[in-house]
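Let me begin by presenting the structure, written as structure tokens, before commenting on it.
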Amino acid sequence: MRTGVIGLILPPTFSFLEMMWRICPALAVGCTVVALVPPASPTPLLLAQLSGELGPFPGILNVISGSASLVPVLASQPGIQKVAFCGALEEGRALRRSLAGECAELGLALGTESLLLLTDTADIDSAVEGVVDAAWSDRGPGGLRLLIQESVWDEAMRRLQERMGRLRSGRGLDGAVDMGARGAAACDLVQRFVREAQSQGAQVLQAGDVPSERPFYPPTLVSNLPPASPCAQVEVPWPVVVASPFRTAKEALLVANGTPRGGSASVWSERLGQALELGYGLQVGTVWINAHGLRDPSVPTGGCKESGCSWHGGPDGLYEYLRPSGTPARLSCLSKNLNYDTFGLAVPSTLPAGPEIGPSPAPPYGLFIGGRFQAPGARSSKPIRDSSGNLHGYVAEGGAKDIRGAVEAAHQAFPGWAGQSPGARAALLWALAAALERRKSTLASRLERQGVELKAAEAEVELSARRLRAWGARVQAQGHTLQVAGLRGPVLRLREPLGVLAVVCPDEWPLLAFVSLLAPALAYGNTVVTVPSAACPLLALEVCQDMATLFPAGLANVVTGDRDHLTRCLALHQDVQAMWYFGSAQGSQFVEWASAGNLKPVWASRGCPRAWDQEAEGAGPELGLRAARTKALWLPMGD
Amino acid sequence: MFAFANLCMYFRGTYSVWISKIQVNHPAVLRRAEQIQARRTVKKEWQAAWLLKAVTFIDLTTLSGDDTSSNIQRLCYKAKYPIREDLLKALNMHDKGITTAAVCVYPARVCDAVKALKAAGCNIPVASVATGFPAGQTHLKTRLEEIRLAVEDGATEIDVVINRSLVLTGQWEALYDEIRQFRKACGEAHLKTILATGELGSLTNVYKASMIAMMAGSDFIKTSTGKETVNATFPVAIVMLRAIRDFFWKTGNKIGFKPAGGIRSAKDSLAWLSLVKEELGDEWLKPELFRIGASTLLSDIERQIYHHVTGRYAAYHDLPMS
């Protein structure tokens, strides 16, 4: 069902098409839109006037022309259910921090830079045309990072310089120009970038027939920029192309993925196998093979990493404006006096348990990291009590060092796991389901001690096993869907794993929720670091004993301890790719605030309980959508 | 003419370095072709100037089975006076010697063409097609003999057709040798090599054939005979122009380009001029390096100029037949 009122914020230089691609899907699913546009553009106002003429529904599109200072005002209006922000990185970060805990969801589409990978088996002249499309025209949104294979460096540079010399810049209405101007602010930005690049030793080449007045800037080619220089870390502004060499395809992938931005990229190679390998390996939202800048409203366009994770176009674009039916609207959990600096910083100390009565419980569980149980860094454990107050067992107190170790182990296991075929992953999940069923009596008795009735406990265990099998089957059945676009050739919508997923399980349903969150994450190829239910982590640790024998090391890691402290460590970790938090409202707010660090996608429950035993909430399509990210792979055909 | 003796001997080495690794991506070239047509438009008096320049590039052609001396004579006169005198006077261009670049006919009609041009007092060259035009599927001996006879009759430019079967079977060295023989048979005459790109199969083959034709000594490379199903299109032209530019970078020699077939409207001709200007630059916009093979194009250009001068659209009978 639809989300509600959308607040849309557009950057100072946006194209009409981009604006339509964000407004139309929102209106089509039934949301209404309030758009904040920079004061210099009259087009959205004209659009709003047209929409106002629709008799029965005058208010579906509203446009406010205002400066960037109105952004936080719009975002924190009480009636807005979702804010879609499109613009620069730092503003997106600031908005994420300020909207933590508010009832509005946030979708970010940041950054304008793209990447072009030129191998030695490419048609170099056509790739140069791709560079022109990407950076030296009005079609591309921003600058370009150009990676050229060393063996064709000289040829490519020569052709680039020749082509640059033929570009013409001028006012848009003159019928024979290639590129126009983007305003004084953009001009200043690029001048600063080029000056810094020169001072750091890069070679800068500018050419083309460009008027010398202010807002016009000539096409620029920067080479020999040392990768460690500060200029190379920043996003490349329009109309600059920064060229760097690489030796082999593997090195190209490392260099290309070695930046926090993950918007769009193109691969130029006439060898199909090499082109597909590079296309699959790039961590971006859109990959074009032997083309650049193709867009279509039926193909999802978005990014990953610091390019934000909101999508427009295709089914993912529609999902942005929908939420699962039957779930209540999000409530604001804002608490104004949450101190982000001290939340979860110190672990509250627990008094040692009193003298033990009755048969002594098993030795304390360690942390399950890297496929085996290890002692925690802090070398302390805390007692877990059952429903009648008796001692149920001891679990380890994990800390920041343990989280760091767990995330490292998960990263080590990730390439192997993501490379497995869906069938292999399904087989492992089914094996775990079988192991759960073999352990039914132990698990049921532990649940009974926590106050669950025997019948219900057994049903919970059975349901957990069923869920594991169901997710395994779901991933088996999923193929790469073909998107229809106005292109001769296929466009694939790939679903790729996110990376390392951090999951903080809810207190209730200690076994079922743990399994319901673990199964989709693993099924889609992610590796997981989990903080199990604080009330009774023992059930999760029982499952770990099976995972120790069945799963590859590091695939699923379980860290017990103080939930707020561990949440803090995970949320602030820059190398965790996504986070699911089902704890308190304050924790949810902190997690949303902290995700601004590396802009990881966050799913927080905000303190609302969730009916894990219901199909819709415990095993619905929402979990599948959130456990993977989309990539659009364009394959123009023809010879 | 330039000496390529050392290239003869080192064909294999040059081939592997210059040609064998070439890749051309068809969809990308198609995209570039669409862009060029949309992005460089010329209007008003500049358009009239470009059209007059386009006239000086035309090789006025008649290649039909029913050519006789009467229509050849008419053609030659049209070549001398391509645009009506009063229109040129209105543009103040009547004394600039605007004629077409050449007249192109079948080998049997070369004598008639030379006679007609001499009678008109005009020294524009007569180009003859040769080597089994248009299909090229005759014995090498007769093909070479055709060239020699045409040169004897007075043709100063020869348009030869390459042997497409050599391209399609990958016999590049044999193709190179054949074109060198054509070159020798031409002697002092200007050699234009028609690649018949509509029958070469892929853009990569077009590039390779262009390179080999240039290496073997052609003065011009030409897209097509005008008799294929697909003649001169922008994607093919882009590939050939890139080959010309690469050859210039490697050897310093400028080879000319001629699209032929399918160029009928004045707007098309302007698009072709901007294509050459974009890809190769202003130095190639001279009759020595650029020709357009066309027959009905001239009347459309004349009608556009009539419209520019008078503001009215001409009827068919207002302008002299060619």
Side-chain angles (χ1 to χ4, degrees), chain A residues 116 118-133 136-139 151-152 154-155 158-159 161-163 165-170 172-179 209 266-272 274-275 288-294 487-489 634-639, chain B residues 17-18 20-44 46-47 50 200-208 210 234-235 237-246 248-250 267 270-271 273-284:
Chain A
L116 196 146
L118 214 169
T119 63
D120 60 356
T121 54
D123 175 3
I124 301 184
D125 283 299
S126 292
V128 166
E129 292 300 325
V131 172
V132 173
D133 277 339
W136 294 328
S137 69
D138 284 333
R139 293 180 290 281
S151 47
V152 293
D154 292 322
E155 277 208 45
R158 182 173 194 181
R159 280 155 217 258
Q161 287 166 16
E162 170 85 14
R163 183 74 179 96
R166 302 223 186 274
L167 293 170
R168 288 190 75 223
S169 173
L173 291 177
D174 169 352
V177 294
D178 293 302
M179 51 189 239
D209 177 7
S266 66
V267 175
W268 291 81
S269 163
E270 293 289 318
R271 290 216 315 256
L272 182 67
Q274 182 189 54
W288 298 285
I289 308 279
N290 289 326
H292 198 108
L294 307 175
L487 175 80
R488 275 196 73 222
W634 292 70
L635 295 160
M637 78 180 187
D639 183 39
Chain B
V17 169
W18 289 11
S20 59
K21 286 198 288 195
I22 265 301
Q23 305 280 356
V24 178
N25 187 278
H26 191 104
V29 173
L30 281 176
R31 261 177 269 127
R32 171 70 177 141
E34 280 166 24
Q35 267 177 36
I36 288 195
Q37 294 172 63
R39 284 191 169 256
R40 296 281 187 267
T41 48
V42 192
K43 297 282 178 213
K44 302 188 201 157
W46 295 281
Q47 189 186 62
W50 277 48
L200 289 184
S202 74
L203 291 179
T204 314
N205 277 349
V206 169
Y207 186 95
K208 291 186 182 180
S210 313
F234 282 112
I238 288 175
V239 173
M240 288 174 69
L241 290 171
R242 284 179 183 168
I244 293 179
R245 178 203 60 198
D246 290 348
F248 174 57
W249 281 350
K250 291 197 208 312
K267 195 150 147 307
L270 291 178
L273 259 68
S274 357
L275 175 62
V276 172
K277 191 182 162 85
E278 277 281 300
E279 289 285 321
L280 291 175
D282 287 341
E283 309 99 63
W284 259 264

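Because the structure is a prediction, the values reported are computed rather than measured. Throughout, a chain's letter reflects where its sequence line sits, starting with A, and its residues are numbered from 1.
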Highest number of heavy-atom pairs under 4.5 Å with chain B among A:Ala291, A:Gly130, A:Ala122, A:Gly489 belongs to A:Ala291

Output the option from A:Met637, A:Arg158, A:Arg163 having the highest count of non-hydrogen pairs under 4.5 Å with chain B. A:Arg158

Rounded at 0.5 Å granularity, tell me how far [atom1] in [X] sits from [atom2] in [Y].
X	Y	atom1	atom2	result
B:Lys277	A:Arg166	NZ	CZ	9.0 Å
A:Asp133	B:Arg32	CG	CZ	9.0 Å
B:Ile22	A:Asp125	CD1	CG	7.5 Å
B:His26	A:Glu270	NE2	CD	12.0 Å
B:Leu280	A:Glu162	CG	CD	8.5 Å

Contact class of A:Ala127 relative to chain B, heavy atoms under 4.5 angstrom: neither

Region of A:Glu155 that comes under 4.5 Å of a non-hydrogen atom in chain B: neither

Which pair of heavy atoms, one from B:Arg40 and one from A:Asp178, lies closest together, and at what distance? NH2-OD2, 2.7 Å

Locate the shortest heavy-atom distance separating B:Asn25 from A:Ser126; write the atom from each residue and the value. O-OG, 4.0 Å

Any non-hydrogen side-chain atom of B:Gln35 less than 4.5 Å from a side-chain atom of A:Ser137? no

Closer than 4.0 angstrom, basic N to acidic O: yes or no for B:Asp246 and A:Arg159? yes

